[in-house]
There are 2 protein chains.
Amino acid sequence: MANPDEAGTNKAAEKPTPVKEVTMKEVAAHAGVALSSVSRVLNDHSDVSESMRKQVLDAIEAVGYEPNLLASSLRRGSTKTVGFIANDISNPLFAEIAMGAERRLNEAGYSMVLTNSEGNPERDEALIRLLRWRRIDGLILSVADEEREGTTAELAKLSEPVVLIDRQVRGADEASAVLSDHANGMRAAIDHLLDLGHRRVSLISGRPGLRPVRERVNGFKAAFRARGLDLPEDLLKFDSFSATFGQQATHELLAADDPPTAIVAGGNLLLIGVLRALQAAGRTVGTDISLVSCDDVPLTELHSPPITVIDRDAEQMGEAAAELLLKLLAGGDGPLVTEIPTSLIRRASTQPGPAG
Amino acid sequence: MANPDEAGTNKAAEKPTPVKEVTMKEVAAHAGVALSSVSRVLNDHSDVSESMRKQVLDAIEAVGYEPNLLASSLRRGSTKTVGFIANDISNPLFAEIAMGAERRLNEAGYSMVLTNSEGNPERDEALIRLLRWRRIDGLILSVADEEREGTTAELAKLSEPVVLIDRQVRGADEASAVLSDHANGMRAAIDHLLDLGHRRVSLISGRPGLRPVRERVNGFKAAFRARGLDLPEDLLKFDSFSATFGQQATHELLAADDPPTAIVAGGNLLLIGVLRALQAAGRTVGTDISLVSCDDVPLTELHSPPITVIDRDAEQMGEAAAELLLKLLAGGDGPLVTEIPTSLIRRASTQPGPAG
DNA sequence: TGTGTTACTGGAAACGTTGCCAATACGCTG
DNA sequence: CAGCGTATTGGCAACGTTTCCAGTAACACA
């Protein structure tokens, strides 16, 4: 109406999008060959003559054919796709794991669809179900809640191979997994702090149901026990991996009668909260209170003073997960497990404590 | 051979996985109804009797039916899925954008598949093609290279709606996009620095072909021009958004004859490099040199001194992108554009300069 | 000339859905 | 009782592939 174009142009605009998809049939017709021959060329089967190949390839070019992966996957019974469910993509750590996995999978001719549960167990379940319905060939994930019935039920319905990241579900070695050695990393960190003379050491971390938390606690206890020291039970705070919990827990710790001289933030988001609380309370990291965090993110290196961390190679974890999955996809059997080492990077945030 | 198991066990191992999929056909058979009736129940059409519904639902439960989304998408001609191609998932900023988009799309009944081009234009193209072949209903992306022929060609072949994030391709308003107002943000930042008395102000950013860089430069120039000041051309460094470039550029700037008194890091990864270089050169942020960065990540807030930033709401960008795409998917026409504001957050990293 | 082999090609049946169209049964009106 | 509308259901043809099974031609060999 506003456009006083000629009729011809208008007519074209009338058809919204009844654009028929260009299929192999059109290719076959244009090349004057059978449908099956086009398919053979596309999947480069043996037994296709050079002339046929050229003829078909030309026709594909001419008609502008684009394969329909839906149809092909349906027919073949395989999507050449694996799912990845991350807890929190905005956490650079998980993002790196995902990148490592994707890279390895692509090399092997698989593509990866990345989704985000936002740490929500219900979303976890919904995503597993969705991916199952999508007929993915395999799944890499880090379940939000290891104990939850629903999640294990959804996983059980999946007949394709699964690799867990830093998680173990009921019955130790039922599932394949990539596990980082949090226990030894934490053990080393606590040893370091105890060596420096700290005794009032606090550990702040996520829900104790999760493997990383369990293992870190194990390492923590092991270090104290090895020296015959009592655990500072009142300084162990577990709730969630969020920055807000880190802040709140630190705030409470500082306000207590016998506050810690050292804090271990068991998670890189927690660290943010811990730092905020310390800053708010006017405590200087290193001199007033020692600090250790988990996973080496830019913040830990560039903070002043730089922060001691328990590090691990996130990208390697992703690659390892992909590697295991590929083995399983190739028909490998039994649960496979890869352990990723952790290492302590000492920086200026840990200084001698009262007894040191 | 190496396994002297009994025959029975062997036989079981011979069948790899001939597990026939449970389809609607089995449901229909078990319920004693027609295939089409099962379909009607599943898609809750009108005109199905209550008894039929119950009968079918029970049968589904009984046989353990799981929908095959491949088949259904193929038949329907729509996947209810949109693609998202991120430049770099490990950058928390992009991750947040992706989260915002996913949340909004899920609300609307779409699911999102997230992929990662790692800033590589070739991978960009390959991903667009792959998603096209997967028959996604729409695409949100932030192309790695706006000028590249191949990319625009791949996009052109896509008949589904596309929303760009902070990018514009040839011919200004051809494509829908969510754009952040980098120019005004930078203008405000530079005004702030000039007010403080700085004249030797450096800007470090990515390839000048990219919109965020172009716009930031525009804002930068506008601020200088408005005061009749000459541009410090020698202090403008553009190459890539990486930390390594940030470090290298800063290193060079500091070593020059007439070094800057203030640096603007045009990207949150660049900032990491800038900080490393400053630290290596023994310069203190704020007192020795003023510093502004783009996008408010944990590092900027928790650095000491805290770093002045040009901020924007990443999640909102994602939501806005999803919103536009949904409009287009619903049949909306014409290119739609949403502009996201930026704001300057002043912190202690910007202090009075030589002339101030 | 007949037979067998090789190298290729075509036809048609799947894969698991959905949606159109026709068929059935039922209840009601005239 | 005929006629008709309504509500519900079944049958069947797609959607775009892949793959099995025959079929054809060419050729060599006896």
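Values below: all heavy atoms of this structure, side chains included; hydrogens, waters and symmetry mates excluded. Numbers restart at 1 for each chain; the letters A, B, ... are given by sequence-line order, proteins then strands.
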Is there any protein nitrogen or oxygen under 3.5 Å from a nitrogen or oxygen in nucleotides 22-28 of chain D, and what are the pairs?
none

Expected rows: protein N/O vs nucleotides 5-7 of chain D N/O, under 3.5 Å:
none

Table of protein N/O atoms under 3.5 Å from nucleotides 10-14 of chain D N/O atoms:
unit_1  : atom_1 : unit_2   : atom_2 : d
dG10(D) : OP2    : Ala34(B) : N      : 2.9
dG10(D) : OP2    : Ser37(B) : OG     : 2.7
dG10(D) : N7     : Ser36(B) : OG     : 3.2
dG10(D) : N7     : Arg40(B) : NH2    : 3.0
dG10(D) : O6     : Arg40(B) : NH1    : 3.3
dG11(D) : N7     : Ser36(B) : OG     : 3.3
dG11(D) : O6     : Ser36(B) : OG     : 3.4
dA14(D) : N3     : Arg75(B) : NH1    : 3.0

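For residues 45-55 of chain A, the salt bridge (charged side-chain N to carboxylate O under 4.0 Å, His left out) pairs, not counting sequence neighbours, are Lys54(A)-Asp58(A). Sequence neighbours left out, the pairs with a member in residues 320-337 of chain B that pass side chain to side chain donor-acceptor pair (under 3.5 Å) are Arg104(B)-Glu323(B).
Side-chain contact check for Phe84(A) versus Leu105(A): every heavy-atom pair is 4.5 Å or farther apart. Side-chain contact check for Thr151(B) versus Val169(B): every heavy-atom pair is 4.5 Å or farther apart. Side chains of Ile60(B) and Leu42(B) form a contact here, defined as non-hydrogen atoms less than 4.5 Å apart. The closest side-chain heavy-atom distance from Leu164(A) to Leu141(A) is below 4.5 Å. Proximity of Met112(A) to Leu325(A): side-chain heavy atoms (C-beta onward) are nowhere separated by under 4.5 Å. Side-chain contact between Arg123(B) and Asn106(A) is present, with at least one heavy-atom pair separated by less than 4.5 Å. At least one side-chain heavy atom of Leu155(A) sits under 4.5 Å from a side-chain heavy atom of Val143(A).
Taking only side-chain nitrogens and oxygens, Thr23(B) never comes nearer than 4.0 Å to OP1 or OP2 of dG16(C). Contact check, Ser72(A) against dT17(D): no side-chain N or O comes under 4.0 Å of OP1 or OP2.
Straight-line distance from the CG atom of Leu74(B) to the P atom of dC15(C): 14 Å, rounded to whole Å. For Trp133(A) and dC15(C), the CH2 to P distance is 21 Å, given to the nearest whole Å. As a whole-Å value, the separation of Arg76(A) CZ from dG16(D) P is 17 Å. The distance between atom CG of Leu69(A) and atom P of dT17(D), rounded to the nearest whole Å, is 9 Å. Remark: P of dG16(C) and CZ of Arg134(A) are 18 Å apart, rounded to the nearest angstrom. Atom CG of Leu70(A) is separated from atom C1' of dT18(D) by 15 Å (rounded to the nearest Å). As rounded to whole Å, 16 Å separates atom P of dG10(C) from atom NZ of Lys25(A). For Met24(A) and dG10(C), the CE to P distance is 12 Å, given to the nearest whole Å.
For the side chain to side chain donor-acceptor pair (under 3.5 Å) test, residues two or more places apart in sequence or in another chain that qualify with Asp137(B) are Ser78(B), Thr79(B). Listed by chain and number, the residues in a side chain to side chain donor-acceptor pair (under 3.5 Å) with Glu125(B) are Arg148(B) (sequence neighbours excluded). Residues meeting the side chain to side chain contact (heavy atoms under 4.5 Å, CB included) test with Ala95(A), sequence neighbours left out: Ile89(B), Ser90(B).
Remark on DNA chain D: of its neighbouring residues Arg135(B) and Ser49(B), the 5'-side contact belongs to Ser49(B), judged by nearest-heavy-atom nucleotide.
Checking dT9(C), dT18(C), dG16(D) against every side-chain atom of Val48(A), the shortest atom distance belongs to dT9(C).
Across Ala321(B) and Ile165(B), no two heavy atoms sit closer than the pair CB-CD1, 3.9 Å. Shown here for Asp145(A) and Asp124(A), the closest heavy-atom pair between the two residues is N-OD2, 4.5 Å.
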Please tabulate, one pair per line, all N/O donor-acceptor pairs under 3.5 Å involving side-chain atoms of residues 25-37 of chain B, not counting sequence neighbours.
unit_1   : atom_1 : unit_2   : atom_2 : d
Glu26(B) : OE1    : Thr23(B) : N      : 2.9
Glu26(B) : OE1    : Thr23(B) : OG1    : 3.4
Ser37(B) : OG     : Arg40(B) : NH2    : 3.3

Please tabulate, for the side chains in residues 63-71 of chain B, all donor-acceptor contacts under 3.5 angstrom to protein atoms that are two or more places apart in sequence or on a different chain.
unit_1   : atom_1 : unit_2    : atom_2 : d
Glu66(B) : OE1    : Arg132(A) : NH1    : 2.3
Glu66(B) : OE1    : Trp133(A) : NE1    : 2.8
Glu66(B) : OE2    : Arg132(A) : NH1    : 2.5
Asn68(B) : OD1    : Leu70(B)  : N      : 2.8
Asn68(B) : OD1    : Ala71(B)  : N      : 3.2
Asn68(B) : ND2    : Glu21(B)  : OE2    : 3.4

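Within the helix from dT1(C)-dA30(D) to dG30(C)-dC1(D), the inter-axis angle between the opening and closing five-pair segments is 70°, rounded to 10°.
A heavy atom closer than 4.0 Å to some atom of DNA chain D occurs in Tyr65(A), Glu66(A), Pro67(A), Asn68(A), these being the qualifying members of residues 56-68 of chain A.
Of the options Leu326(A), Ile136(A), Thr81(A), a side chain to side chain contact (heavy atoms under 4.5 Å, CB included) to Tyr110(A) is made by Leu326(A) and by none of the others.
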